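Here the structure comes first, spelled out in structure tokens, and everything after it is commentary.
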There are 2 protein chains.
Amino acid sequence: MATRARRAERREEPLSRERIVEAAIGILDTVGEAGLTFRVLAERLATGPGAIYWHVSGKDELLGAATEVVVAGTVLGGDAGASPQEATRALALRLFDAIDAHPWIGTQLARSPGQSPMLQVFEQLGRQVQALGVPRPARFTAASALLNYILGVGGQNAANAHGQESEKNRTEFLDTVAATWASLDPEEYAFTRDVAEQLRDHDDRAEFLAGIDLILAGIAASRDERRS
Amino acid sequence: MATRARRAERREEPLSRERIVEAAIGILDTVGEAGLTFRVLAERLATGPGAIYWHVSGKDELLGAATEVVVAGTVLGGDAGASPQEATRALALRLFDAIDAHPWIGTQLARSPGQSPMLQVFEQLGRQVQALGVPRPARFTAASALLNYILGVGGQNAANAHGQESEKNRTEFLDTVAATWASLDPEEYAFTRDVAEQLRDHDDRAEFLAGIDLILAGIAASRDERRS
DNA sequence: ACCTGAACACCGTTCAAGT
DNA sequence: ACCTGAACACCGTTCAAGT
């Protein structure tokens with residue numbers, strides 16, 4: 001019996017790059033990066049592992065394609081009437097939320113240097129930097145600083161495996177970290193101990209945004225200094 | 001014949017956590033992260049894979065320990081007479097160079113959230129932030145911004161697999177990227193195309209430092225704003 | 001053209017057996 | 001206490017064979 005006929009019987013669509021990437025995203029979001037296996041993916045798609053290789057060259061491309069889909073969906077769509085500062089903050093927050101919802105892109109974004117997903121982010125950041133009035137030679141540095149900061153936070157979020165959904169686990173987690181920090185060697189970790197207390201009512205999102213604002217302030221300061 | 005006697009005959013030291021971590025660093029530096037295998041590591045140590053598990057709980061701990069050794073060696077040792085700005089820049093540069101020499105710590109640093117290596121960096125950055133005169137409640141944000149930026153750049157350096165040692169390959173690589181950027185869709189990638197030319201004489205280290213300066217400028221601006 | 005699934009060449013990790 | 005190395009349970013990827 002032909003494959004097509006069997007699929008039709010089970011009311012399944014034929015295999016396609018798009019369906020494969022979609023299924024991969026589903027697995028990544030639910031089971032995490034370590035859970036994405038060609039065998040698991042093949043099972044979910046009701047086929048064998050080899051079939052996937054007809055549509056996708058390997059795991060790297062698959063992860064890249066998955067990242068591209070998610071990033072493309074979050075990078076665009078800013079408010080047209082917003083100021084450059086507001087637009088930058090909004091873009092950064094959209095990326096933060098995307099990484100929060102799909103922690104694996106935090107790892108993946110950093111791994112695709114000149115690749116499409118990172119370039120998409122860089123492009124949008126660069127446009128805002130330009131709109132901020134940064135002179136041409138300083139734009140690359142400003143956009144890169146924003147990008148690298150976002151990538152850094154993204155990597156942290158991915159590493160922290162934000163899997164602990166509930167708010168309770170969240171505060172529990174922060175309490176544990178705060179307690180650990182407070183118990184560090186007083187001489188070796190004087191600063192860390194000193195700020196440990198602040199960690200208990202810590203809002204990742206707000207903290208992320210505060211970092212963006214710091215860089216934006218630096219951009220503004222450098223720009224104004226040049227003018228005078 | 002006892003193991004000890006055999007080792008003595010071959011003039012080998014006995015296995016130890018320290019020797020294992022040292023050997024792992026050697027492999028990581030030469031063959032890269034993918035080249036570090038328990039079988040390869042065991043061969044280099046003239047033993048079986050299982051022996052390593054007596055001294056180290058697993059691969060994660062091994063990578064963590066290797067990162068800790070390298071980071072501990074680079075985080076300390078700043079000039080005592082330097083200003084906080086200079087000290088911050090020097091610390092950041094030391095980290096940049098360490099990541100450049102051992103690209104794998106770029107990946108690894110990001111993966112150890114509350115772990116020792118990251119905390120060591122955070123602590124040193126925090127001390128400089130404090131020395132910069134940043135008020136207490138703003139210190140955490142400032143230190144985090146610096147840290148996340150450094151982690152972001154580190155991840156990029158690791159991804160770019162700076163393996164291409166020679167200077168020639170370096171400029172060749174930049175030329176290729178610049179050419180790729182210049183050929184992007186003019187509407188979709190207007191900004192990236194515009195800055196592509198700057199990429200040809202691009203100094204990673206200087207660019208990294210410029211980003212640090214941007215954040216330092218932001219920190220100074222925020223601090224002074226609060227004062228007035 | 002597209003799919004199947006056994007097979008290959010690897011992993012990290014375990015563990016009975018040795019010294 | 002420490003080491004050995006075969007064995008286990010996985011990987012990503014390939015490929016002859018099918019439809």
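So that the names make sense, note that chain A is the first sequence line, chain B the second, and so on, each numbered from 1. Just so you know, these numbers come straight off a predicted model, no measurement behind them.
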Taking atom [atom2] of [N] as reference, at what distance in whole Å does atom [atom1] of [X] sit?
{"X": "B:Lys59", "N": "D:dC11", "atom1": "NZ", "atom2": "P", "result": "16 Å"}
{"X": "A:Asp60", "N": "D:dG12", "atom1": "CG", "atom2": "P", "result": "11 Å"}
{"X": "A:Tyr53", "N": "D:dA16", "atom1": "OH", "atom2": "C1'", "result": "17 Å"}
{"X": "B:Ile52", "N": "C:dT13", "atom1": "CD1", "atom2": "C1'", "result": "11 Å"}
{"X": "B:Leu15", "N": "D:dG5", "atom1": "CG", "atom2": "P", "result": "13 Å"}

Option among A:Glu61, A:Lys59, A:His55 that satisfies the side-chain hydrogen bond (donor to acceptor under 3.5 Å, both in side chains) test with A:Ser57: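 Going through the options one by one, the only one that passes is A:Glu61.
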
Work out which heavy atom in [X] is nearest to a heavy atom in [Y]; give both atom names and the distance.
{"X": "B:Arg200", "Y": "B:Leu174", "result": "O-CD1, 4.2 Å"}
{"X": "A:Arg193", "Y": "A:Leu184", "result": "NH1-O, 2.7 Å"}
{"X": "A:Ala24", "Y": "A:Leu62", "result": "CB-CD1, 4.0 Å"}

Can you give each donor-acceptor pair under 3.5 Å made by side-chain atoms of residues 32-45 of chain A, sequence neighbours left out, with the distance rounded to 0.1 Å?
none

Going by heavy atoms closer than 4.0 Å, what residues in residues 36-44 of chain A are next to DNA chain D? A:Leu36, A:Thr37, A:Phe38, A:Arg39

Please state whether the phosphate of D:dA1, meaning OP1 or OP2, lies under 4.0 angstrom from any side-chain nitrogen or oxygen of B:His55.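 Indeed not, no polar side-chain atom of B:His55 lies that close.
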
Phosphate contact (D:dC2 OP1 or OP2) by B:Trp54 side-chain N/O below 4.0 Å: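 Yes, within the criterion.
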
Give me the stems containing DNA chain C, sorted by first residue, counting only three or more consecutive Watson-Crick or G-U pairs with both distances under 3.5 Å; say none if there aren't any.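 Only these stems qualify: C:4-8 with D:12-16, C:12-16 with D:4-8.
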
Below 4.0 angstrom, N of the basic side chain to O of the carboxylate: do A:Asp60 and A:Arg111 qualify?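 Between A:Arg111 and A:Asp60 there is no salt bridge, as every charged N stays at least 4.0 Å from the carboxylate O atoms.
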
Short question: side chain of A:Thr192, backbone of A:Tyr189 - any donor-acceptor pair under 3.5 Å?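 Checking the backbone N and O of A:Tyr189 against the side chain of A:Thr192, no donor-acceptor pair under 3.5 Å is found.
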
Consider only side-chain N and O atoms of A:Glu172 and A:Thr176, and report whether a donor and an acceptor are under 3.5 Å apart. no

